[in-house]
Protein chains: 2
Amino acid sequence: MQKDKKIKPVPEPTIKRLPVYLHYLNKARLEGVINISAPTIAGELKLDPTQVVKDLSFTGIKGRTKIGYNIYELIHYLEEYLGFNKTNNAFLVGAGNLGSALMAYQAGQSLGLKILAAFDISADRIGEKTGQVNVLHMNNFGEMVKRLNVSIGILTTPEHVAQEMAEKMIACRIKAIWNLTPAYLKLPENIIVQNTSMYSNVAVLLKRLEESDVVI
Amino acid sequence: MQKDKKIKPVPEPTIKRLPVYLHYLNKARLEGVINISAPTIAGELKLDPTQVVKDLSFTGIKGRTKIGYNIYELIHYLEEYLGFNKTNNAFLVGAGNLGSALMAYQAGQSLGLKILAAFDISADRIGEKTGQVNVLHMNNFGEMVKRLNVSIGILTTPEHVAQEMAEKMIACRIKAIWNLTPAYLKLPENIIVQNTSMYSNVAVLLKRLEESDVVI
DNA sequence: AATATTTAAAGAAAATTTTCTTTATAAGAA
DNA sequence: TTCTTATAAAGAAAATTTTCTTTAAATATT
């Protein structure tokens, strides 16, 4: 348990907002914006201006009073901080609809991840090519991980094989798994798992809708 | 600004965890579990036991010392609380890969939402049927909303038409939008928008991976 | 040049959320 | 029965995150 180092941790909510800023800034840049202030960003994204300042300060960028931030510089700092400028190679397991959606997604624009290949066990999917990405048989997974030195796996299988495939992934030295299945994965402590639960989002939506109905 | 009523608001983190409990409990139930304690749930999902107790208490359920909760009762309370037992009808706009994934998803198991129909503008998608759900032309959206009295829209279009389609949805009296595109939607205050950003999840994953690399 | 205004930055305060502590209760064991 | 133990419940404390306040700097205006 080493936690002596006083590297103040970045709040997770901040980490989640940073890509939202980045996305917005890229759009603004295309519209010709050169300098942009925190209050402007906050106004657009309906956030508190001081929160935007604080969030951005984590990337190390400095703004100028009365001018704001240089948008190119800010984008650079954000990409650098988030690691979106590095190529973070990933393999995708489960080339169904959701998997295909992700492959198509990143074909268009950098999601920070680069899906080098997809894997499946269903014969009729293997050999397909979805938006630049080849679908290979899961049998080749281990070899390909070694060959391309990939450490991130994206899990988009049906739920009932999720645990099994996750285990196969880490047996092949995958270190971090982005789990888009509803399954709760039981894996060793040292494996990083990022769960993206559709359920949770639906739950929040329904609760807010319910609240709004009550308060007429 | 009415906020005199002391209806203590349920923490959003709690709302997001509740469907995770529900999902786990349904699995446990199939394995024959009758009674289950908060520490057991916490152990399985790697959470703090008291947090589980506190979360569950929001649903109004009462547990029994030394026994825990009756699993059927607990599932019932959760479904009731989350509104997952009611049929929450929704229309989906954008029948691409991601849209199809969601349609396929809910075909299998109740996500709390029932997608009654999907809409698109691409001629070759219209008439298709993905997992029980018909794909109709967006021109019919308004009429169908009125006919089936739907108030929830799921947005899975390409980003560049997201704003436009969202506006079309609310013009047709949709009240809540689950936005799965990266677009930040500018809509009237009274519209409920739930953003599910893939970017944010990637960002958290990459940061955690980076941290783990540093601390060898 | 002087002044007013905008804004980033830093720190304090407030709000929220999680974790810890205590208490009460009921089940099982002795 | 009596004692021990597991657990929910309730409240307190701690940690985290957001919002508020103050300060300082730099630009634009007069």
Side-chain angles (χ1 to χ4, degrees), chain A residues 1 3-18 20-21 25 28 33-71 73-74 77-78 81 200 203-204 207-208 211, chain B residues 1 3 6-18 20-21 25 28 33-71 73-74 77-78 81 200 203-204 207-208 211:
Chain A
M1 297 257 169
K3 67 175 354 180
D4 293 28
K5 285 185 188 170
K6 258 289 163 54
I7 303 165
K8 62 182 155 188
V10 181
E12 183 161 314
T14 295
I15 295 177
K16 287 190 172 175
R17 282 189 298 266
L18 292 179
V20 178
Y21 300 147
L25 291 167
V33 175
I34 303 293
N35 291 307
I36 193 161
S37 71
T40 304
I41 298 170
E44 284 293 311
L45 304 180
K46 287 184 191 153
L47 294 167
D48 188 281
T50 60
Q51 181 167 75
V52 175
V53 170
K54 203 154 271 188
D55 285 345
L56 296 182
S57 74
F58 284 105
T59 69
I61 197 172
K62 298 285 173 188
R64 292 170 64 199
T65 302
K66 191 94 174 173
I67 297 288
Y69 306 87
N70 176 277
I71 200 163
E73 199 188 350
L74 183 48
Y77 269 76
L78 280 166
Y81 183 81
S200 296
V204 175
K207 259 287 160 266
R208 294 214 279 144
E211 281 164 18
Chain B
M1 296 264 168
K3 72 179 339 186
K6 260 288 162 58
I7 304 166
K8 61 180 155 190
V10 182
E12 183 159 315
T14 295
I15 295 176
K16 288 191 170 174
R17 281 188 299 265
L18 291 179
V20 179
Y21 300 148
L25 290 167
V33 175
I34 302 293
N35 291 308
I36 193 160
S37 71
T40 304
I41 299 171
E44 283 294 311
L45 304 180
K46 286 182 193 157
L47 294 167
D48 188 280
T50 61
Q51 181 168 75
V52 174
V53 170
K54 203 154 270 188
D55 284 345
L56 296 181
S57 74
F58 283 105
T59 68
I61 198 172
K62 297 287 173 188
R64 293 169 64 199
T65 300
K66 191 97 173 168
I67 295 288
Y69 305 88
N70 175 277
I71 202 164
E73 200 189 349
L74 182 50
Y77 269 76
L78 280 166
Y81 183 81
S200 296
V204 175
K207 260 286 160 266
R208 294 214 277 144
E211 281 164 19

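These numbers come from a predicted model, not from an experiment.
- Across the protein-nucleic acid pair, B:Asn70 atom CG and D:dA8 atom P stand 13 Å apart, rounded to whole Å.
- Using a 4.0 Å heavy-atom criterion, one finds that B:Thr50 contacts the bases of the nucleic acid, with or without backbone contacts as well.
- First and last contacts of DNA chain C with chain B, using any nucleotide atom under 4.0 Å from a protein heavy atom and ordered 5' to 3', fall at C:dT17 to C:dA27.
- Side-chain atoms of B:Ser200 come within 3.5 Å of backbone N or O of A:Lys16 as a donor-acceptor pair.
- Side-chain nitrogen and oxygen atoms of B:Arg64 include none within less than 4.0 Å of the OP1 or OP2 phosphate oxygen of D:dA8.
- Backbone-only engagement by B:Pro39 is indicated by non-hydrogen atom pairs under 4.0 Å involving sugar-phosphate atoms exclusively.
- Here D:dT7 presents its C1' atom at 17 Å from CD of B:Gln51, a figure rounded to the nearest Å.
- With DNA chain D read from its 5' end, the first of the two nearest nucleotides for A:Thr65 and A:Asp55 is the one closest to A:Asp55.
- Residue pairs meeting the side-chain hydrogen bond (donor to acceptor under 3.5 Å, both in side chains) criterion with at least one partner in residues 56-65 of chain B, sequence neighbours excluded, do not occur; the list is empty.
- Between B:Ile34 and B:Asn70, some side-chain heavy-atom pair lies under the 4.5 Å cut-off.
- Taking 4.5 Å as the limit, some side-chain heavy atom of A:Leu56 sits within range of a side-chain heavy atom of A:Ile41.
- As judged by a 4.0 angstrom heavy-atom cut-off over every strand, B:Lys54 is placed among the base-contacting residues.
- B:Leu78 is not listed as a side-chain neighbour of B:Tyr81, based on a closest heavy-atom distance of 4.5 Å or more.
- B:Glu44 meets the salt bridge (Lys or Arg N to Asp or Glu O under 4.0 Å) test with A:Lys186; sequence neighbours excluded.
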